[in-house]
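To start, the structure itself, in structure tokens.
Chain identifiers are assigned alphabetically (A, B, ...) following the order of the sequence lines, protein sequences preceding nucleic acid strands; residue numbering begins at 1 within each chain.
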Protein chains: 2
Amino acid sequence: MNSPGARKPNINTTAIDINDYFKVAISVDCVIFGFDDNTLKVLLIKCNLEEYKGCWSLLGDLVLPEEDLDTASYRVLKERTGLDDLYLEQVQTFGGLNRHPAGRVVTIAYYSLVNIRHHQLKLSDNELHWHPLKDIRTMAFDHKMILDASYSQLQKNIQEKPLVFKLLGNKFSLRELQNLYEAILCTKLDRRNFRKKISTMGLLIDINETESDVPHRPGKLYRFNHQKYQKELEKPDGKINKQ
Amino acid sequence: MNSPGARKPNINTTAIDINDYFKVAISVDCVIFGFDDNTLKVLLIKCNLEEYKGCWSLLGDLVLPEEDLDTASYRVLKERTGLDDLYLEQVQTFGGLNRHPAGRVVTIAYYSLVNIRHHQLKLSDNELHWHPLKDIRTMAFDHKMILDASYSQLQKNIQEKPLVFKLLGNKFSLRELQNLYEAILCTKLDRRNFRKKISTMGLLIDINETESDVPHRPGKLYRFNHQKYQKELEKPDGKINKQ
DNA sequence: TCAAAAGTGTTTCAGGTACACCCATGG
DNA sequence: CCATGGGTGTACCTGAAACACTTTTGA
């Protein structure tokens with residue numbers, strides 16, 4: 001049937017003019033996670049395509065001819081949230097044949113973590129909305145699949161790297177931090193064990209402040225020690241990056 | 001500068017004709033791992049492009065207009081190794097501006113695990129060659145980056161799933177299995193602890209055979225219990241897929 | 001004084017690591 | 001009989017999990 005090893009013209013081995021090839025577009029789609037009201041949320045935009053009228057979609061755009069994939073994602077984030085320097089991670093690429101009504105569009109999915117408070121004011125355009133992750137049932141295109149894949153990857157990643165701090169403000173209580181982990185992992189955690197583990201990792205700074213306006217004993221506030229974490233990353237045999 | 005939330009025409013929200021867009025090609029590149037001679041190897045092909053004369057490249061090809069990404073990878077594997085049903089996993093997508101001299105080519109990287117013995121006979125075309133992973137210094141295009149990313153992902157994945165058996169024959173000794181883990185992880189493992197761990201996972205079947213032609217006491221041979229592993233995967237709360 | 005959450009230690013268990021000796025085979 | 005790797009068990013350590021009471025604040 002096939003002839004194994006036969007030398008067909010191939011873009012990796014022989015000269016091919018890609019202009020003779022076919023029409024395909026490349027897009028990026030960003031799953032932007034935020035945490036608010038003890039709930040993990042995702043920023044979505046209303047889709048006006050005839051085929052998906054009224055559905056919500058991820059924030060994405062075509063990649064420009066002279067634009068890197070990561071650059072395109074940062075551009076989308078900047079345009080939609082007004083924020084620079086967000087955490088961004090490539091998740092997976094989706095290239096199903098009929099995933100987009102405009103034609104063949106291959107999309108590279110990213111997820112991003114933002115502090116929802118920093119962003120809130122810029123939501124003037126009300127086609128944009130933060131949706132609780134749990135409430136999202138259907139989406140435009142194959143975006144529900146992309147969301148699911150991104151969320152799974154987020155769940156994995158927060159167990160390996162201290163990413164959650166990107167979802168919180170500068171100051172936070174241990175309760176907030178635990179609520180966030182519980183929201184992402186969909187579990188209940190034991191408070192004592194949780195605090196022990198956090199304190200073992202030694203990356204929080206006690207800023208000698210306490211919560212205010214709470215109808216009970218206020219908790220202490222902490223901030224994440226970025227410097228220390230950076231240094232641990234740079235150590236050749238740090239615990240964090242080992243195997 | 002930017003206007004956050006402004007409604008620019010966007011492929012996710014408004015109708016756009018992608019034919020008005022730009023020329024880009026999509027390819028897949030497969031990192032095909034094999035294990036032979038106690039060494040982890042990668043199947044490469046000689047590149048005949050002027051720019052990379054004499055360099056080795058990954059096996060890849062343009063994705064056809066009516067072809068899924070996974071389908072394209074399986075096609076490349078089939079064409080080059082003659083083998084069906086190989087294990088295939090998407091790794092990451094590379095879309096740097098000048099990664100390919102033919103123009104803008106965005107490539108989706110996959111890795112695959114094959115039993116090098118099943119394949120060996122089909123290597124009639126000697127532009128194809130198995131290279132020890134350690135010896136590979138430079139490659140055509142950005143393929144060294146792709147290889148590195150794929151290898152990292154392989155190292156991670158074999159600690160989570162019993163993938164290594166796809167690199168071995170049906171029958172194997174515990175020594176072979178350990179050598180394989182050591183080759184992939186680049187470490188030495190304690191023999192007793194290794195055997196204990198393997199036996200704890202309970203996925204090997206003792207086939208009551210022993211090695212032959214070895215100049216010392218022959219080891220027992222085992223095979224991987226696919227059925228049992230499949231069943232564990234299907235359990236809702238199996239150890240393997242938890243989290 | 002009550003309600004609500006903050007804060008805190010000990011015990012148990014499982015999995016990982018370190019480590020040394022006798023055994024079976026081929027030459 | 002010797003060289004080579006096969007095969008095996010125990011002690012220790014670390015990290016995860018289970019679990020309950022006292023303290024502080026606001027209302």
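Thr210(A) and Pro218(A) make their closest contact through CB-CB, 4.2 Å (heavy atoms, listed as atom of the first residue, atom of the second, distance). The nearest pair of heavy atoms linking Ser150(A) to Val31(A) is OG-CG2, 3.4 Å.
Proximity note for Asn193(B) (side chain, C-beta onward) versus dA18(C), dG6(D), dG7(C): the nearest is dA18(C). Comparing dT17(C), dA20(C), dG7(D) by their nearest atom to the side chain of Arg192(B) picks out dA20(C).
Asp70(A) places a side-chain heavy atom less than 4.5 Å from the side chain of Tyr110(A). By the 4.5 Å heavy-atom criterion applied to side chains, Phe141(A) and Leu58(A) are not counted as neighbours.
A residue-by-residue look at Arg191(A) and Pro215(A) shows that Arg191(A) has its nearest nucleotide of DNA chain D further toward the 5' end. Toward the 5′ end of DNA chain C lies the nearest nucleotide of Ser173(A), the other residue of the pair Ser173(A) and His216(B) mapping further downstream.
Between the P atom of dT8(C) and the NZ atom of Lys197(A) lies a distance of 19 Å, rounded to the nearest Å. Atom CG in Leu185(A) sits about 11 Å away from atom P in dA17(D), given to the nearest Å. We find that CE of Met201(A) is positioned 17 Å from C1' of dA16(D), with the value rounded to whole Å. Regarding Leu177(A), its CG atom lies at a distance of 12 Å from the P atom of dA6(C), rounded to whole Å. Atom CZ of Arg175(B) and atom P of dT4(D) are 14 Å apart (whole Å). The distance between atom CG of Asp213(B) and atom P of dG27(C), rounded to the nearest whole Å, is 9 Å. When rounded to the nearest whole Å, the span between NZ of Lys220(A) and P of dT24(D) equals 12 Å. Summarising the geometry, the separation between CZ on Phe194(A) and P on dG7(C) is reported as 12 Å, rounded to the nearest angstrom.
At a cut-off of 3.5 angstrom, counting only N and O atoms as typed in the model, there is a donor on one side and an acceptor on the other between the side-chain of Lys196(B) and the base of dT10(D). The base of dT4(D) does not come close enough to the side chain of Arg217(B) for any donor and acceptor atom to sit less than 3.5 Å apart. For a distance-only test at 3.5 Å, the side chain of Asp190(A) fails to qualify as a donor-acceptor partner of the base of dA16(D).
The aromatic rings of Tyr229(A) and Phe224(A) sit tilted, their planes meeting at an angle between 30° and 60°.
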